[in-house]
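The next block holds one structure in the form of structure tokens; read it before the comments.
Being a predicted model, the structure only gives us computed values, none of them experimental. Protein chains get the first letters and strands the later ones, always in sequence-line order, with residue 1 at the start of each.
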2 protein chains.
Amino acid sequence: MLTHSEENYLKAIFHLSLETDEDISTNAIALKINSQPSSVTEMLKKMSDKSMISYQKYKGVSLTEVGQKTALKIVRKHRLWEVFLFDKLNFSWDEVHEIAEQLEHIHSDKLTQELDRFLDYPQHDPHGDPIPNRAGFIQYSEKILLATLQVGETARFVGVKDSSAVFLQYLDKRNIALGDLLTISFIEAFDQSMHVLINDSNHILSKQTINNIYVLKV
Amino acid sequence: MLTHSEENYLKAIFHLSLETDEDISTNAIALKINSQPSSVTEMLKKMSDKSMISYQKYKGVSLTEVGQKTALKIVRKHRLWEVFLFDKLNFSWDEVHEIAEQLEHIHSDKLTQELDRFLDYPQHDPHGDPIPNRAGFIQYSEKILLATLQVGETARFVGVKDSSAVFLQYLDKRNIALGDLLTISFIEAFDQSMHVLINDSNHILSKQTINNIYVLKV
DNA sequence: AAAATATTTTAGGAAAGCCTAAAAATAGCA
DNA sequence: TGCTATTTTTAGGCTTTCCTAAAATATTTT
């Protein structure tokens with residue numbers, strides 16, 4: 001049984017691994033979990049002894065098969081709890097993450113399974129991220145950044161890259177929600193901002209914004 | 001913000017205080033939480049510094065007003081989660097306690113409130129114990145032990161004293177559930193075992209059993 | 001009331017998880 | 001390639017929470 005802290009390390013390494021094919025550096029992990037590199041080194045030794053990661057001094061780490069499975073279980077729990085909070089308890093999509101960070105550490109396979117059933121086997125969390133199934137299989141979709149679309153194209157808003165509370169609140173304020181259809185009407189040449197038709201209103205979205213929004217072409 | 005461990009001490013002292021009007025001894029706490037008296041002494045000092053308990057060396061402890069309120073919040077969370085597991089996630093009443101022990105430590109007032117609403121403001125947990133309201137008020141009922149009834153009396157099964165898994169499973173096996181009506185038909189003089197009519201079947205309940213079952217006379 | 005017993009506290013130590021500062025290894029550049 | 005800058009690890013320390021063993025205090029018994 002892993003400690004709370006070990007689970008957080010595992011999750012950090014898992015998320016960092018999605019961004020790159022290389023081994024994950026000590027510094028990157030320290031940055032991710034807001035701690036010091038020396039603390040990370042110490043923990044990596046411990047997790048390597050437990051066969052959760054492959055670790056060679058100075059060479060960075062990667063998850064072992066067991067580590068990967070374990071990380072996926074935690075991600076599964078995190079995202080299922082997010083759905084519960086959003087669908088059943090009236091939480092907004094910018095509030096769910098923080099509480100799911102606590103709930104993801106509850107140990108009970110039956111709880112996870114029953115929660116999944118109770119929520120009717122959801123495929124995505126409130127930010128559009130896929131929920132691994134019981135076996136740890138995760139269905140990644142072909143989603144692309146809104147920024148890559150051309151004028152005239154239409155796509156469905158299916159996810160956010162950065163799900164920080166401020167960004168999510170910004171979208172809420174503009175009534176832009178997961179599932180909405182977006183049509184590009186114009187792209188400003190000088191700052192790459194996009195004019196987008198959403199729910200019959202015109203929005204001008206900054207370069208930063210359109211690089212944070214994932215869509216599926218329709 | 002209290003630690004996981006401090007919350008467990010608080011809860012232990014709270015439950016022990018329900019059984020007696022005297023101050024709670026170091027040994028009693030150690031026994032309750034399965035630890036050593038010396039560990040308890042150490043923690044009591046810390047919690048006294050935080051004004052959660054009144055503590056005098058060698059004299060035992062009692063909860064302060066703040067400590068009492070805090071303990072009630074934890075009990076509230078514990079019992080609400082038990083209802084959730086039982087009502088929504090198909091857990092049996094002997095399984096809910098263990099997982100609620102983990103869930104009770106999740107920190108979020110909004111979560112507790114929304115859970116309460118979602119469950120439709122339940123008054124009792126699956127073992128019949130009362131759930132404190134948001135303000136920390138707890139409605140104790142006049143429940144008495146089944147053992148105190150006389151032949152011919154009828155009462156409703158409203159709670160258990162010892163909610164250990166084995167005892168709860170024993171009741172399940174005999175189809176005896178919270179809310180059932182019980183009528184005493186005979187009491188054996190030599191071992192105080194009771195012949196009880198429940199759901200049209202006759203049960204012979206041992207002295208231990210009838211001292212673990214709470215009822216309300218009807 | 002003194003002696004024996006039981007309870008509680010103190011003293012000292014261990015593991016987990018964090019830290020800072022210094023040393024070692026690696027990477028980047030002239 | 002050799003030197004500098006960066007990254008990573010080691011060394012040593014701190015806090016929390018637990019432990020055992022011994023000392024201090026309280027309670028019970030005779």
Side-chain angles (χ1 to χ4, degrees), chain A residues 1-14 16-17 19-63 67 70-71 74 101-102 104-107, chain B residues 1-13 16-17 19-63 67 70-71 74 101-102 104-105 107:
Chain A
M1 187 82 87
L2 300 182
T3 66
H4 202 104
S5 186
E6 289 169 329
E7 292 193 344
N8 283 336
Y9 274 89
L10 218 46
K11 206 171 38 128
I13 297 167
F14 174 82
L16 289 167
S17 297
E19 310 276 304
T20 172
D21 285 334
E22 325 236 303
D23 280 3
I24 307 305
S25 74
T26 302
N27 261 7
I29 297 168
L31 215 68
K32 184 92 175 178
I33 64 172
N34 266 304
S35 67
Q36 298 306 310
S38 58
S39 307
V40 174
T41 299
E42 195 169 25
M43 183 58 103
L44 294 184
K45 281 189 208 152
K46 202 176 130 200
M47 293 174 68
S48 180
D49 290 347
K50 293 194 177 182
S51 304
M52 303 305 285
I53 58 173
S54 304
Y55 168 57
Q56 278 182 284
K57 268 192 195 179
Y58 297 102
K59 297 293 172 65
V61 293
S62 61
L63 294 176
T70 310
I74 302 164
E101 287 281 312
Q102 298 181 61
E104 72 191 1
H105 298 294
I106 305 291
H107 292 291
Chain B
M1 188 81 90
L2 300 181
T3 66
H4 203 104
S5 187
E6 289 168 329
E7 292 193 343
N8 283 337
Y9 274 89
L10 219 46
K11 207 170 37 126
I13 298 168
L16 290 167
S17 297
E19 309 277 303
T20 172
D21 285 333
E22 324 235 305
D23 280 3
I24 307 306
S25 74
T26 302
N27 260 6
I29 298 170
L31 215 68
K32 184 93 176 177
I33 65 173
N34 265 305
S35 68
Q36 298 306 310
S38 58
S39 307
V40 174
T41 299
E42 195 169 26
M43 183 57 105
L44 294 184
K45 282 190 208 151
K46 202 177 131 200
M47 293 175 69
S48 179
D49 291 346
K50 292 195 178 183
S51 304
M52 304 305 287
I53 58 173
S54 303
Y55 168 57
Q56 277 182 285
K57 268 194 195 178
Y58 295 101
K59 298 291 172 65
V61 293
S62 61
L63 293 176
T70 310
I74 301 164
E101 286 282 310
Q102 300 181 60
E104 72 191 0
H105 299 294
H107 292 291

Practice item. Could you please name the option among C:dC18, C:dT10, D:dT9 that lies closest to any side-chain atom of A:Met43? Key: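 Among C:dC18, C:dT10, D:dT9, the one nearest the side chain of A:Met43 is C:dC18.
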Exercise for review: Could you please name the option among C:dC18, D:dT20, C:dT20 that lies closest to any side-chain atom of A:Gln36?
Suggested key: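 Nearest nucleotide to the side chain: C:dT20.
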Using a cut-off of less than 4.0 Å, is there contact between a side-chain N or O of [X] and OP1 or OP2 of [N]?
{"X": "B:Tyr55", "N": "C:dT9", "value": "yes"}
{"X": "B:Asn27", "N": "C:dA6", "value": "no"}
{"X": "A:Ser5", "N": "C:dC18", "value": "yes"}
{"X": "B:Lys45", "N": "C:dT9", "value": "no"}
{"X": "A:Ser39", "N": "C:dC18", "value": "no"}

So do the side chains of [X] and [Y] get within less than 4.5 Å of each other, counting heavy atoms only?
{"X": "A:Glu7", "Y": "A:His107", "result": "yes"}
{"X": "B:Glu104", "Y": "B:Asn8", "result": "yes"}
{"X": "A:Val40", "Y": "A:Tyr9", "result": "yes"}

Rounded to the Å, how far apart are [X] [atom1] and [N] [atom2]?
{"X": "B:Glu42", "N": "C:dT10", "atom1": "CD", "atom2": "P", "answer": "10 Å"}
{"X": "A:Leu2", "N": "C:dA16", "atom1": "CG", "atom2": "P", "answer": "13 Å"}
{"X": "B:Glu7", "N": "D:dT16", "atom1": "CD", "atom2": "P", "answer": "16 Å"}
{"X": "A:Leu31", "N": "D:dT7", "atom1": "CG", "atom2": "C1'", "answer": "13 Å"}
{"X": "A:Asn8", "N": "C:dC18", "atom1": "CG", "atom2": "P", "answer": "9 Å"}
{"X": "B:Tyr9", "N": "D:dT16", "atom1": "OH", "atom2": "P", "answer": "14 Å"}
{"X": "A:Ile29", "N": "C:dC18", "atom1": "CD1", "atom2": "P", "answer": "13 Å"}

Exercise for review: State which residues pass side chain to side chain donor-acceptor pair (under 3.5 Å) with A:Gln36; sequence neighbours excluded, sorted by chain then number.
Suggested key: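 Not a single residue meets the side chain to side chain donor-acceptor pair (under 3.5 Å) criterion with A:Gln36.
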Check your understanding: Is any N or O donor-acceptor pair between the side chain of B:Ser25 and the base of C:dT8 shorter than 3.5 Å?
Key ->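 Looking at the base of C:dT8, it does not pair with any donor or acceptor on the side chain of B:Ser25 (distance under 3.5 Å).
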Practice item. Quick one: label A:Thr26 by what it contacts on the DNA or RNA (base, sugar-phosphate, nothing), any heavy atom closer than 4.0 Å. Key: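 Result for A:Thr26 = sugar-phosphate.
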Review point. With nearest nucleotides of DNA chain C determined for A:Asn34 and B:Pro37 from heavy-atom distances, which residue corresponds to the more 5′ nucleotide?
Key: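 That would be B:Pro37.
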Point to revise | Exceeds 12 heavy-atom contacts within 6.0 angstrom, atom CD of B:Glu101 | key: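 Count over threshold, so yes.
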Sort me out a list of protein N/O and nucleotides 24-29 of chain C N/O pairs below 3.5 Å, or just none if empty.
residue: C:dA25; atom: O4'; partner: A:Tyr58; partner atom: OH; Å: 3.4

Exercise for review: Output yes when a side-chain donor or acceptor of B:Ser17 lies under 3.5 Å from a complementary backbone atom of B:Ile13, and no otherwise.
Suggested key: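 Indeed, once roles are kept as given, a pair shorter than 3.5 Å links the two residues.
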Do any side-chain atoms of residues 50-57 of chain B form donor-acceptor pairs under 3.5 angstrom with protein atoms, and if so which ones, sequence neighbours left out?
residue: B:Lys50; atom: NZ; partner: B:Glu6; partner atom: OE1; Å: 3.3
residue: B:Lys50; atom: NZ; partner: B:Glu6; partner atom: OE2; Å: 2.8

